[in-house]
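Taking it in order: structure first as structure tokens, then the write-up.
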Amino acid sequence: MTNEELKNEIIRLKKEKNAVILGHYYQIDEIQALSDYVGDSLALAQEAQRTDAPIIVFCGVHFMAETAKILNPTRKVLLPDVEASCSLAESCTGEDLRRFKAEHPGHIVVSYVNCSAEVKAESDLICTSGNAEKLINALPADQKIIFAPDKNLGGYINRQTGREMVLWNGVCTVHDALEAESILKLKQQNPDAPVIAHPECNSAVLAVSEFIGSTKAMLNYVAKSEGKRFIVATESGILYEMRKNNPDKEFIAVPSGESCACTDCSYMKLNTLEKLYRCLRDEQPEIQLDAEMIERARRPIVRMLDMSRELGIIK
Ligand code: 13P
Ligand code: SF4
């Protein structure tokens, strides 16, 4: 089938099966265009909780589809490519976290949503890059905290809040590979363009950035800014929404090193039109989690959503 035929079939099947397609900003442009909702991980978790569609096709990575299943267990949740993982989720297993907890008695665990259901089940609170700083600030000042699995996001929150959370040693391989040196060169060539960065970037990159925020926060920043040019230090997929919403503005993507200009997340980009079509047609691969795991992993996610509403971060 041609791409056009695939798109038509996806639209037809979606309607026929009353399915909803949730797409992350890092998906390929064509998938974002076909999605009913496009968002960052926090917005997509909310949408997954809210939808009454019997089938949720989650175009993102595995931990995001798991989160959708945990929040809406009676729905069928599909993921076009079940191999779409995440380096952060892979860096820490449930067993790893249990051992780390035993080494740090008296600590609660706050986990970044980029982790498996098993790690969520071992956590007291989940956060996303869109709410992490406010949620951590809302915890008692003397509360001892383990933060897993992203040491870059955790380090950034420590610096922002003055906390000394114990950090699990995981990174997003896409954001961690971005280099401050290449950014400084781009800044010299484009002195009018502020650097906007995702907090998964390493501390050297964050130190030379003018704005740090989640995918959604970056989109809001460029939409509101009077500036016309921006240096963007994050995954390439965000450029689709940025350019669509701001046709009069220019976005300069940061290369991830001299030898590679690639900021594609290889996991996110595993989902293709062909796989999305087959997934809708065959209703698989399906996310399966047992009821006990759903119950245990659900608690810290619901706590995150409740706290986010109380703090006015989400509606
Ligand atoms: P957001 O929470 O900003 O959507 O980020 C998810 C992610 O995987 C970033 O690499
Ligand atoms: Fe995981 Fe990084 Fe890919 Fe996001 S960009 S899904 S954090 S590997």
Side-chain angles (χ1 to χ4, degrees), residues 22-28 31-32 35 37-48 58-68 79-92 110-116 119-120 126-135 147-154 156-157 168-178 196-202 205-206 209 211-222 232-242 253-254 256 260 262-271 301 304-305 308 313-314:
L22 304 184
H24 190 268
Y25 288 125
Y26 294 173
Q27 291 295 286
I28 58 167
I31 290 185
Q32 291 192 50
S35 299
Y37 299 95
V38 184
D40 63 2
S41 46
L42 179 58
L44 292 175
Q46 269 187 286
E47 211 46 64
F58 206 105
C59 293
V61 290
H62 193 270
F63 75 80
M64 296 180 179
E66 269 188 346
T67 305
L79 176 66
D81 190 322
V82 81
E83 300 294 317
S85 178
C86 165
S87 65
L88 281 168
E90 285 182 3
S91 75
C92 185
V110 180
S111 291
Y112 186 31
V113 71
N114 294 39
C115 63
S116 65
V119 165
K120 289 186 175 77
I126 299 300
C127 70
T128 73
S129 53
N131 59 23
E133 187 177 335
K134 286 189 176 146
L135 294 192
F147 188 88
D150 187 357
K151 71 167 183 186
N152 287 338
L153 175 63
Y156 170 68
I157 303 296
W168 179 261
N169 190 18
V171 293
C172 159
T173 46
V174 180
H175 288 89
D176 191 57
L178 300 181
I196 58 172
H198 195 282
E200 288 173 10
C201 294
N202 60 59
V205 165
L206 297 182
S209 299
F211 179 78
I212 298 162
S214 71
T215 319
K216 184 67 187 162
M218 280 192 262
L219 285 162
N220 289 344
Y221 177 83
V222 299
V232 184
T234 188
E235 211 271 352
S236 61
I238 198 176
L239 297 168
Y240 173 75
E241 185 80 7
M242 272 186 183
V254 173
S256 62
C260 170
C262 169
T263 45
D264 286 352
C265 169
S266 56
Y267 303 107
M268 284 278 183
K269 269 38 179 196
L270 281 175
N271 296 325
I301 306 176
M304 164 185 83
L305 292 171
S308 297
I313 304 166
I314 58 172

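What you see is a predicted model; the values in this text were computed from it and never measured. Any value given below was found using the heavy atoms of this structure, including those in side chains, with hydrogens, waters and symmetry copies removed. Atoms within a ligand are numbered from 1 in the order they appear, just like the ligands themselves.
- With a heavy-atom cut-off of 4.0 Å, N114 touches ligand 2 through its side chain alone.
- Listed by number with element, the atoms of ligand 1 under 4.0 Å from a non-hydrogen atom of H175 are 10 (O).
- A donor-acceptor contact shorter than 3.5 Å is absent between the side chain of D176 and the backbone of T173.
- Minimum interatomic distance between A84 and N271 (heavy atoms only, all atoms of both residues): CB-OD1, 4.4 Å.
- Nearest protein neighbour of atom 8 (O) of ligand 1, counting heavy atoms only, is N114 ND2, 3.2 Å.
- Here the OG-CD distance, from S214 to E133, works out to 11.5 Å after rounding to the nearest 0.5 Å.
- Every atom of ligand 2 with a heavy atom of S87 under 4.0 Å away is listed here by number and element: 8 (S).
- Closest to atom 6 (C) of ligand 1 among all protein heavy atoms lies H24 NE2, 3.7 Å.
- Side chain of K120 to backbone of C115: a donor-acceptor contact under 3.5 angstrom is found.
- Relative ring orientation between Y112 and F147 is described as parallel, the plane-to-plane angle staying below 30° on a 0-90° scale split at 30° and 60°.
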CA sep, side-chain torsions, deciding dist, call: E90, Y267, side chain to side chain contact (heavy atoms under 4.5 Å, CB included): CA-CA 12 Å; E90 285 182 3; Y267 303 107; 3.6 Å; yes
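- Proximity annotation for atom 6 (S) of ligand 2: of S266, S91, G237, C86, C86 comes nearest, heavy atoms only.
- Ligand 1 lies less than 4.0 angstrom from a heavy atom belonging to S129.
- Of all protein heavy atoms, the one closest to atom 3 (O) of ligand 1 is T215 OG1, 2.4 Å.
- Using the six-membered ring where Trp is involved, Y221 and F211 have ring planes that are parallel, under 30° apart on the 30 and 60° scheme.
- Counting protein heavy atoms only, atom 3 (Fe) of ligand 2 is closest to C265 SG, 2.4 Å.
- At least one heavy atom of E200 sits closer than 4.0 Å to an atom of ligand 1.
- Within the 2.8 Å limit, C172 places no N, O or S atom next to atom 3 (Fe) of ligand 2.
- No N or O atom of D40 sits closer than 3.5 Å to an N or O atom of ligand 1.
- At a 4.0 Å cut-off, not a single heavy atom of K216 sits close enough to ligand 1 to count as contact.
- Taking every non-hydrogen atom of Y26 and a distance limit under 4.0 Å, the qualifying atoms of ligand 1 come out as 7 (C), 9 (C), 10 (O).
- Distances shorter than 4.0 angstrom do not occur between any heavy atom of Y25 and any atom of ligand 1.
- The backbone N or O of S266 lies less than 3.5 Å from no partner atom in the side chain of D264, so there is not a single donor-acceptor pair.
- How far CE of M64 is from OG1 of T67: 8.0 Å, rounded to the nearest 0.5 Å.
- Listed here is the closest heavy atom pair of C86 and N114: SG-ND2, 3.8 Å.
- For ligand 2 and E200, the ligand atoms under 4.0 Å from any heavy atom of the residue are 2 (Fe), 7 (S).
- If you check which protein heavy atom lies closest to atom 5 (O) of ligand 1, you get H198 NE2, 3.5 Å.
- Shortest contact from atom 2 (O) of ligand 1 to any protein heavy atom: S41 OG, 2.5 Å.
- Separation of atoms NZ (K269) and CG (D81) is listed at 14.0 Å; rounding is to 0.5 Å.
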